[in-house]
Amino acid sequence: MFDFTGLVSVVTGAGSGIGRETARYFHACGADVVLADLDEAAAEAAARALDPEGKRALAVRYDAGQPGAAGMLIARTVEAFGHLDHVVANAGIYTDEPAATMSDQVWRRTIEINLDGVFYLCREANRAMKEGGAIVATASAAAHMGGSLGHAHYGASKGGVLALVRGLAREFGPRLRVNAVSPGTIDTPMVADNRALLHPDVVASFALRRMGRPEEVASVIAFLCSNAASYVTGETILVCGGSYMA
């Protein structure tokens with residue numbers, strides 16, 4: 001693990017899956033952690049599990065698609081812990097909807113959460129973060145492939161994240177570093193709700209022949225926030241077990 005003692009980390013989508021495991025990992029590394037999620041009860045349960053006394057973990061209700069929510073989240077963080085060092089923009093949604101029948105509302109909400117939300121959070125974080133801080137956005141292997149059947153909107157939203165990360169890395173450097181991770185099929189509630197992703201033939205096609213675990217993504221996110229990645233910015237690391245090889 002890395003030494004994040006005295007550092008402050010914000011993780012969105014922290015109520016479950018990759019976000020929850022990332023918050024746990026950062027907390028175990030010594031960071032004070034803000035767990036943000038639309039499901040406030042889930043975020044509070046995750047925060048209590050990490051820190052029953054509530055000294056080093058704070059839960060905040062957060063709707064990534066609302067422009068003003070990011071500013072409030074960052075303000076709560078600085079109010080609670082005094083500063084900000086890491087931001088993990090992980091909140092996202094995944095719906096099954098063919099493009100031919102997709103409503104405007106489904107398209108718009110996907111972009112609002114998965115892409116606009118990353119921009120809002122990064123913009124506000126840049127204004128508050130200490131020099132030497134790091135931002136990591138959760139994209140997806142779908143960003144590199146265009147998404148599976150019925151998920152073009154998801155692939156497009158995550159592809160936008162890849163481009164945004166590179167643009168922000170140029171703008172925010174050298175003061176801050178900005179990177180992304182692209183998880184593949186990870187054993188999370190979101191994947192469990194989309195049974196097609198769990199088909200044995202799909203998993204058997206991966207080079208590692210298994211799904212990933214949330215902690216295997218969290219450790220890569222932590223690496224990108226650590227001093228071990230001090231010369232890494234504008235990059236994306238695929239954490240997909242060899243399911244995508246360009």
Side-chain angles (χ1 to χ4, degrees), residues 2 4 6-15 18-27 29-38 43 46-47 56-92 113-139 158 161-162 164-181 183 217-227 229-230 232-237:
F2 305 96
F4 290 161
L7 303 182
V8 178
S9 308
V10 168
V11 182
T12 67
I18 292 170
R20 181 166 182 160
E21 184 59 31
T22 299
R24 187 204 66 78
Y25 197 102
F26 278 51
H27 187 268
C29 290
D32 297 329
V33 183
V34 176
L35 298 88
D37 202 287
L38 183 61
R56 292 182 44 228
L58 171 68
V60 176
R61 185 184 184 278
Y62 169 71
D63 184 346
Q66 296 300 314
M72 289 187 287
L73 173 59
I74 298 303
R76 285 285 304 279
T77 300
V78 174
E79 178 183 9
F81 296 116
H83 59 94
L84 176 60
D85 302 279
H86 308 141
V87 168
V88 181
N90 173 74
I113 298 294
N114 293 355
L115 180 56
D116 295 351
V118 175
F119 169 70
Y120 299 145
L121 184 60
C122 291
R123 179 181 62 186
E124 297 303 321
N126 175 57
R127 296 169 177 169
M129 290 180 76
K130 296 170 59 178
E131 183 170 354
I135 297 171
V136 178
T138 302
K158 294 297 188 176
V161 170
L162 300 185
L164 178 62
V165 160
R166 289 184 173 181
L168 295 181
R170 291 183 185 277
E171 287 198 29
F172 294 174
R175 197 172 62 84
L176 304 177
R177 296 182 299 105
V178 187
N179 291 290
V181 292
V217 182
S219 62
V220 176
I221 293 172
F223 160 72
L224 288 171
C225 286
S226 76
N227 289 334
S230 59
V232 180
T233 195
E235 297 295 337
T236 299
I237 298 179

Quiz item: Can you name the side chain to side chain donor-acceptor pair (under 3.5 Å) partners of R76, sequence neighbours left out?
Solution: none
Show which side-chain atoms of residues 129-139 pair as donor or acceptor with protein atoms under 3.5 Å away, not counting sequence neighbours.
residue	atom	partner	partner atom	Å
T138	OG1	N90	OD1	3.0

Practice problem: Take R170 and T233, measure what side chain to side chain contact (heavy atoms under 4.5 Å, CB included) needs, and give me the verdict at the end. | Solution: CA-CA 9 Å; R170 291 183 185 277; T233 195; over 6 Å; no
Exercise. Mark yes or no for whether R177, through its side chain, and G234, through its backbone, hold a donor-acceptor pair below 3.5 Å.
Key: no
Exercise. Just jot down the side chain to side chain contact (heavy atoms under 4.5 Å, CB included) partners of A31, sequence neighbours excluded, or say none.
Key: F4, S9, F26, V33
Quiz item: Run the side chain to side chain contact (heavy atoms under 4.5 Å, CB included) check on F81 and L58 step by step: do they pass?
Solution: CA-CA 10 Å; F81 296 116; L58 171 68; 4.1 Å; yes
Self-check item: Set of residues satisfying salt bridge (Lys or Arg N to Asp or Glu O under 4.0 Å) with respect to D32, sequence neighbours excluded
Solution: R56
Exercise. Not counting sequence neighbours, which residues clear side chain to side chain donor-acceptor pair (under 3.5 Å) with T12? List them please.
Key: none
Quiz item: Got a sec, which residues hit salt bridge (Lys or Arg N to Asp or Glu O under 4.0 Å) with R166, two or more places apart in sequence or on another chain?
Solution: none
Exercise. Could you check if a side-chain atom of N227 sits within less than 4.5 angstrom of a side-chain atom of F2, using non-hydrogen atoms only?
Key: no
Practice problem: Taking side chain to side chain contact (heavy atoms under 4.5 Å, CB included) as the test, write out the residues that go with D116, two or more places apart. | Solution: R108, I111, E112, Y120
Practice problem: Check whether any side-chain heavy atom of V11 sits under 4.5 Å from a side-chain heavy atom of V34, and report yes or no. | Solution: no
Identify every side-chain donor-acceptor pair in residues 61-68 under 3.5 Å, counting partners at least two apart or on other chains, and give the distances.
residue	atom	partner	partner atom	Å
D63	OD1	G65	N	3.1
D63	OD1	R109	NH2	3.2

Quiz item: Considering residues at least two apart in sequence or located in another chain, which fulfil the ring pair (Phe, Tyr, Trp, His ring centres under 6.0 Å) criterion with F223?
Solution: none
Quiz item: Is V78 close to V8 at the side-chain level, that is, under 4.5 Å between some pair of heavy atoms?
Solution: no
Quiz item: To the nearest 0.5 Å, how far apart are OG1 in T22 and CG in L35?
Solution: 10.0 Å
Exercise. Quick one: list whatever passes salt bridge (Lys or Arg N to Asp or Glu O under 4.0 Å) with R127, sequence neighbours left out.
Key: E124
Quiz item: Going through the distances and angles, do L224 and V181 end up as a side chain to side chain contact (heavy atoms under 4.5 Å, CB included)?
Solution: CA-CA 9 Å; L224 288 171; V181 292; 3.8 Å; yes
Quiz prompt | side-chain contact (heavy atoms from CB on, under 4.5 Å) partner of V161, the single match among N114, T236, L115 | solution = L115
Quiz prompt | E171: side chain to side chain contact (heavy atoms under 4.5 Å, CB included) partners, not counting sequence neighbours | solution = none
Practice problem: Would you give the length of the straight line joining atom CD1 of I221 to atom CD1 of I18, rounded to the nearest 0.5 angstrom? | Solution: 6.5 Å
